[in-house]
Amino acid sequence: MIPKSRKELADLVTETTLDVYEDLTPQLIERLEQIKHSQDLSESQKNDEVMLDMMGFVKSCTNEIIIDVLARIFGLE
């Protein structure tokens with residue numbers, strides 16, 4: 001799908017964003033649960049791990065969104 005307007009592009013990005021976050025969120029939740037129940041980490045270390053995992057999650061989602069949108073625009077699969 002090649003967007004013909006800024007609104008169509010925005011709709012494509014929004015749709016892709018929702019799909020990517022839905023796909024990747026279960027992995028993040030699982031990882032956060034592992035951190036929460038870790039006996040080897042102090043509370044401060046747990047907070048650091050959560051922060052790093054959240055940053056990685058956002059980066060991964062952003063990359064997937066860009067790749068998916070560009071793939072749709074250029075007809076790549």
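Taking both residues in full, the closest heavy atoms of P3 and L12 are given as CG-CD2, 4.2 Å, listed atom of the first, atom of the second, then distance. Residues D40 and Q45 come closest through the heavy atom pair O-OE1, 4.0 Å. A pairwise comparison of heavy atoms in L28 and D53 identifies CD1-O, 4.1 Å as the closest pair.
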Step-by-step side chain to side chain contact (heavy atoms under 4.5 Å, CB included) determination, V58 to C61: CA-CA 5 Å; V58 171; C61 288; 5.7 Å; no
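I2 and V13 fall into different hydrophobic clusters, where Ile, Leu, Val, Met, Phe, Trp and Tyr side chains are chained together by heavy-atom contacts under 4.5 Å. Using a 4.5 Å cut-off between side-chain heavy atoms of Ile, Leu, Val, Met, Phe, Trp and Tyr, with links allowed through other members, I73 and I65 fall into the same hydrophobic cluster.
Rounding to the nearest 0.5 angstrom, the gap separating the OG atom in S42 from the CG atom in N47 is 8.5 Å. Rounding to the nearest 0.5 angstrom, the gap separating the CG atom in D19 from the CD atom in E64 is 11.5 Å. The distance from the CD1 atom of I29 to the CG atom of L24 is 11.5 Å, given to the nearest 0.5 Å. Taking OG1 of T16 as the reference point, atom CD1 of I67 lies at 12.0 Å (rounded to 0.5 Å). In this structure, T14 OG1 and L9 CG are separated by 9.0 Å, a value rounded to the nearest 0.5 Å. With rounding to the nearest 0.5 Å, the separation of CZ in F57 from CG in L32 is 9.0 Å.
One finds a salt bridge joining K7 and D11 here, because a Lys/Arg side-chain nitrogen approaches an Asp/Glu carboxylate oxygen to under 4.0 Å. Here E49 does not pair with K46 in a salt bridge; the nearest charged N to carboxylate O distance is not below 4.0 Å.
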